[in-house]
There are 2 protein chains.
Amino acid sequence: MPDTRAARTNTKDDLRSHARQLFARHGYEGVSMRDIAGAVGIRQSAIYNHFPSKQHLLADLMVRHMDRLLDAMRGAITPHQTPADALEAFARFHVTYHIDQPEDVFLAYMELRSLDDAGRKTILALRDAYEHSLRDILKTGLATGAFAIGDPAVTARALLAMMTGVTVWFKDGGALDRQAVADIYVRTTMQAVGYKP
Amino acid sequence: MPDTRAARTNTKDDLRSHARQLFARHGYEGVSMRDIAGAVGIRQSAIYNHFPSKQHLLADLMVRHMDRLLDAMRGAITPHQTPADALEAFARFHVTYHIDQPEDVFLAYMELRSLDDAGRKTILALRDAYEHSLRDILKTGLATGAFAIGDPAVTARALLAMMTGVTVWFKDGGALDRQAVADIYVRTTMQAVGYKP
DNA sequence: GTCTATAAAGGGATAGAC
DNA sequence: GTCTATCCCTTTATAGAC
């Protein structure tokens, strides 16, 4: 029989999830260590048993998010696909992942400015790797004639911004479910690159 | 002969422009009244001769931005255009305006959460009016068969996010100028709605 | 309209008991 | 690993002189 008491068995993970939620909602600068501790149910000073500073806590959240995102993306698109299949897989993955992890995603995209130089450099490299995967798909499709697009780097950024924006408005229980929303974004993406099925 | 001394002739506008720049760069919570005053060259307490609070200063910036944006957009798209012409005009306007006013735009999109309830309601209404203009173009194009899209509301949000994202990366003096970048976004937009010229 | 001075509150981080 | 207590600094906003 499981222990159902709210015992402090994993304070570090609790801190991560509440900090993520609060940072996403109010911004890094808008959240105090007391706010985070209060959400978890401990005192502010106890946070320092798990993270050496507020800045380290933010960096931890962002790096872990980017690592997970990259791993998941690499699992979603397989080598040797046609550019069209790869783009469709990428788009569906990106939109559904962002629908399911809106806080992580929002944080990573918005709070880059709150990160110190070292952390910012790390995150930018990871973000760049992610963006590059999409850019490579577009470049291949352009070379094979499957896609009709302008500059692949600009188009990649445009498509990423489009798909990432789903986090701003999507709410569970709305008129359209995840699947229906993902379908629309995938369709819009494929049309945007001029793909003719 | 004009007076070239850095006299304090328009502190209020100086406060607006420096606050806009600082808020856009570091976020509302990340900027203090001392920071703003320092940028303008006055003491922090003197701000209160022009704005009753930091919150009022933010609301002033956001409302003025949305008013200007709506006016400019309404001037850019004319009635009785075909849906395709209207969409092209809207896209070109949106991208170039956002390239030219990145700080205003970034602020209005990001700092909604820092606004109090009254201000947030005002801004959301203005934003809604703007989004509705694009949605109406898409609806008309869908009805006339000019566009091949899924839900117009979702597509409108997707396209707006795509185009607004240009503020994140565009820098003057890069490989592509405003015009070239706008061309790519306009093309991607027209293709995204399945328009066949 | 700007200044100096200050009030009142809240911020991140540390010390040391348990 | 969490607690209480505290340090030291910054924050928004106000008071009153000039």
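Heavy atoms only: backbone and side chains are in, while hydrogens, waters and symmetry mates are out. Numbered from 1 within each chain, the chains take letters A, B, ... in sequence-line order.
- Listed by chain and residue number, Arg120(A) satisfy the salt bridge (Lys or Arg N to Asp or Glu O under 4.0 Å) test with Asp117(A) (two or more places apart in sequence, or in another chain).
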Side-chain atoms of residues 190-197 of chain A: list all donor-acceptor pairs with protein atoms under 3.5 Å, sequence neighbours left out, distances to 0.1 Å.
residue, atom, partner, partner atom, Å
Gln191(A), OE1, Arg187(A), NE, 3.2
Gln191(A), NE2, Ala148(B), O, 3.0
Gln191(A), NE2, Ala192(B), O, 2.6

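- For a distance-only test at 3.5 Å, the side chain of Arg34(A) qualifies as a donor-acceptor partner of the base of dG12(C).
- At a non-hydrogen distance threshold of 4.0 Å, Val31(B), Ser32(B) from residues 19-32 of chain B come into contact with DNA chain D.
- Every salt bridge (Lys or Arg N to Asp or Glu O under 4.0 Å) that Glu111(B) has, sequence neighbours left out, goes to Arg113(A).
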Identify the pairs formed between an N or O of the protein and an N or O of nucleotides 16-18 of chain C at a distance under 3.5 Å, and give each distance.
none

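- Partners of Asp100(A) according to the side chain to side chain contact (heavy atoms under 4.5 Å, CB included) rule, which considers only residues two or more places apart in sequence or in another chain, are Arg178(A).
- Between the CE atom of Met33(B) and the P atom of dT12(D) there is a distance of 7 Å, rounded to whole Å.
- Every residue meeting the salt bridge (Lys or Arg N to Asp or Glu O under 4.0 Å) condition with Asp13(B), not counting sequence neighbours, appears here in chain and number order: Arg16(B).
- With sequence neighbours excluded, the residues satisfying salt bridge (Lys or Arg N to Asp or Glu O under 4.0 Å) with Asp183(B) are Arg92(B).
- Within the structure, salt bridge (Lys or Arg N to Asp or Glu O under 4.0 Å) contacts touching residues 148-162 of chain A (residues at least two apart or in different chains) are Glu131(A)-Arg157(A).
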Extract all donor-acceptor atom pairs below 3.5 Å that involve side chains of residues 68-83 of chain A and protein atoms in other chains or at least two apart in sequence.
residue, atom, partner, partner atom, Å
Arg68(A), NH2, Asp104(A), OD2, 2.6
Gln81(A), OE1, Thr78(A), N, 3.3
Thr82(A), OG1, Asp85(A), N, 3.1
Thr82(A), OG1, Asp85(A), OD2, 3.3

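- Of the residues in residues 54-62 of chain A, not one places a heavy atom less than 4.0 Å from an atom of DNA chain D.
- Take Ser133(A) and apply the side chain to side chain donor-acceptor pair (under 3.5 Å) test, not counting sequence neighbours, and it matches no residue.
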